[in-house]
Every structure is written in structure tokens, then in C-alpha cells.
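Working notes, beginning with the structure itself.
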Amino acid sequence: MTATTRSQEAGEAVRADIAAAKRIVIKVGSSSLTTIDGGLDESRLVALTDAIAAHRAEGREVVLVSSGAIAAGLEPVGLRRRPRDLATQQAAAGVGQGLLMAAYTRALGRWDLVPSQVLLSADDLIRRTRYRNAQRAIDRLLTLGTLPIVNENDAVATEEIRFGDNDRLAALVAHLSHADALVLLSDVDALYTGPPHLDTSSRIGHVAGPDDLGGVAIGGVGSAGTGTGGMATKVDAALMVTDSGVPAVLTSADRVGEVLAGGNVGTAFSVTHRRRGTRLLWLRHLARTFGSVTIDDGAATAVRSRGTSLLAAGVVGVDGEFEAGDPVEIRSLSGETVARGMTNFSSAELPMMFGLTTEELGTRLGSDYRKEVIHRNDLVLTHVSGRS
């Protein structure tokens, strides 16, 4: 069997998983819901909800992650294009979120479906108590027969704690809701080897993992100019969710019916890893690191090979400024990033702890220091190559 044949069969398996999924997360971006002028295009929204309603009629559950709040709020507040400053984005989102939900309510009402609004912030998905609350809320909304429509809480999100785009949010929601599959909708029908409009570019039907994307040019933003994501963020989201045991397909919004039926459209992404904990998924793919700690060769081997916690005895350097609880990179003596983790100590505290055993830390600095620099439950390995 050739590599091409194996890839085709793997892609068909992913598409079969999509068609059989009992619970699926669908993400649609602003560029797929807006007009050229930037306002909501209700005909596009109706087409999307018609496909979702048909899927729901087959007894499937759907969670929709929808952008479009800021785009919907531009015209009412007198803006011609998406603002660059955060405060104006928040204002547009505050106006547009209600308009977006009203449009969904009208479209879904034709099928006697009730939408339910779920606005999330990054804290809701990385802090365990709030994560469980969000999980219970979505589960209950599905049990009650509603269609949960999820968006980032743009009206209050800050640059420091936001997801950055709804593609990554969709990957986390797929994880949170225990979905069987993720469908990422764009205004481009698939991932291509080059710019889609060129005759020399060909569709990539299947991606087995990050290594398949070596040399593939990924970039660009939505054609309407109202979104924050581009193809790169969609690919990152697909790799992120498949890294946690959920298959994904990337295609255009006008082909959503075909992809839900298992059609050979778009780009299919195979699962690359069993399900991860949400915090580890966040650390690996999303967390903004605030600095780094450098470790000796013995500690690097222990972290890599045995999955141990990082102890002060193996730490030899600190770079950047960070507080206890911040995400940091863990680097080897050669500068290679070995892992990421949530540190128990600040950058100011660590230098006086270098090379000390846990017992020595307790004796010299007090019982509060008798613990790991980074516990293994708050640590995730990273890869040197690939897009992870």
C-alpha cells in the first residue's frame, strides 16, 4: 500500500467519524457570516442553520462556536471596519452580540430550535471550578434540546487572557463538551499546498500530524476582513484538538452539509494523541509564557523520559519576570524548549533555590519552599519540530 493510499484511507476514516459523531462542535468565522461591507449576511446564517437543523433532525447534538459579534456591531455604532483598539472592539461586541443572537433565533425558529447563548473567557476553561461550571452548563443546555451558541466574551476580554480567535476556542469547547468531532468552517474549502487561486496549488485531503505540513505555506485572513483568524489559526486549532483525541475537518461554510454527511470535502485531520487534561492542552497550545527556567541535563532527562516533576535541584537559570502560577518554558542547557509548566515560585524566588534538594529548601527557606518548582500535573512536554 502506497503512502498516498494510506493517507486517503485515513482521511476517509476521519470523515466517517464525522458522519457518525453523536456530538459535534461546529465553528464558523466572521468572514463566513458577513457581507462584503462587513455587516451580518442573514442568508449565509440561514444556510448554516438549515444544515445544522437537518443534522439535529437525525438525533445528533451540535454545539456551534460562532464569531460575528464584533462584525454585527460595527454598523450600529457607526464603524466601517473592525477597530484595532480593544476598547472599541469591546463596545462593538457589546452591541453586536445581541444582534447576532437575534439573527440566530430567527433562523433557528423556522425549525422550532431554540438557541442558547454561552459566553466564555479563557479563565472559564483553565480554572477547574469554572471549567466544570461551563461543562455542566453546555451539557444541560444540550439535554434540554437547545442549540448552544458559544462565543468569546469579547465585551470584557482583555488582551492578556483572551483566546485570540474562536478557532482555538472551538478546540477547547470540543474538549470541554466531550465532542466526537470538530468541524472548522471558513471561506476557503480546504487547506492547499499554496494559494488556493493558483493552478499549481492542490487540495490537501488529509493531515496525519504536524509533520505533514512541512513546507506548506499557511496564512491569510478571512475575505471579509472582519475576523481575527486565518488559515493558520484553523490549522493550529485542528492540530490542537487532534492532539487531544478528537478528529477534525476544515472546509468552507457552504459545504457544511456535505462534511456532516461524511463527504470527501475539505481537509481531514487524524487524531494524534489520546485525550489530554484541559490545563495541559491549554499549556501546550495556548498559554502565553512569561519567562523560562533553564535546567541541567539530568533534570532534562528526568522530565523528558520519566515524566517527573521539576525540582529546584535541577534548575540552573531563570529568564524573564514571572509570578507563582504563571506559565513558563523549561529549557535545556542548549536552549531547547523541553516543556511548559505552571511554576510554583516567582522569578525573584528561584535564584536562591538553585541546586537545593527539597530537604535543604525546607531547612534554609522554610516549609513553604518544600515543594516542586513545577509539579508534573502542571507540566506538558513540547516538541522541537512541527507546529505544536
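- Residues S67 and N166 bring a donor and an acceptor atom of their side chains to less than 3.5 Å of each other.
- Rounded to the nearest 0.5 Å, atoms CE (M240) and NE2 (H273) are 14.0 Å apart.
- For the side-chain contact (heavy atoms from CB on, under 4.5 Å) criterion with L182, the lone passing option out of I24, I26, V25, V65 is V25.
- E42 meets the salt bridge (charged side-chain N to carboxylate O under 4.0 Å, His left out) test with R106; sequence neighbours excluded.
- Hydrophobic clustering, with ILVMFWY side chains joined whenever heavy atoms are under 4.5 angstrom apart, keeps L311 apart from V338.
- Using modelled atom types and a 3.5 Å distance limit, the side chains of T88 and D85 yield a donor-acceptor pair.
- Atom-to-atom distance recorded for D243:CG and R275:CZ is 12.0 Å, nearest 0.5 angstrom.
- Within 6.0 Å of atom CZ in R56, more than 12 heavy atoms from other residues, nucleotides or ligands are found, so the atom counts as buried in its surroundings.
- S332 and S334 form a side-chain donor-acceptor contact under 3.5 Å, judged by distance and modelled atom types alone.
- In the hydrophobic cluster analysis, where Ile, Leu, Val, Met, Phe, Trp and Tyr join through side-chain heavy atoms closer than 4.5 angstrom, L100 is grouped apart from V46.
- Interatomic distance, OG of S309 versus CG of N377, reported as 7.0 Å (0.5 Å rounding).
- Residues L333 and I374 are members of separate hydrophobic clusters, defined by side-chain heavy-atom contacts under 4.5 angstrom among Ile, Leu, Val, Met, Phe, Trp and Tyr.
- Here D368 contributes atom CG and F345 contributes atom CZ; the two are 8.0 Å apart, rounded to the nearest 0.5 Å.
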For this session: Give the C-alpha distance, both sets of side-chain angles, the deciding distance and a yes or no for side-chain contact (heavy atoms from CB on, under 4.5 Å) between V14 and S270.
Result: CA-CA 6 Å; V14 172; S270 290; 3.5 Å; yes
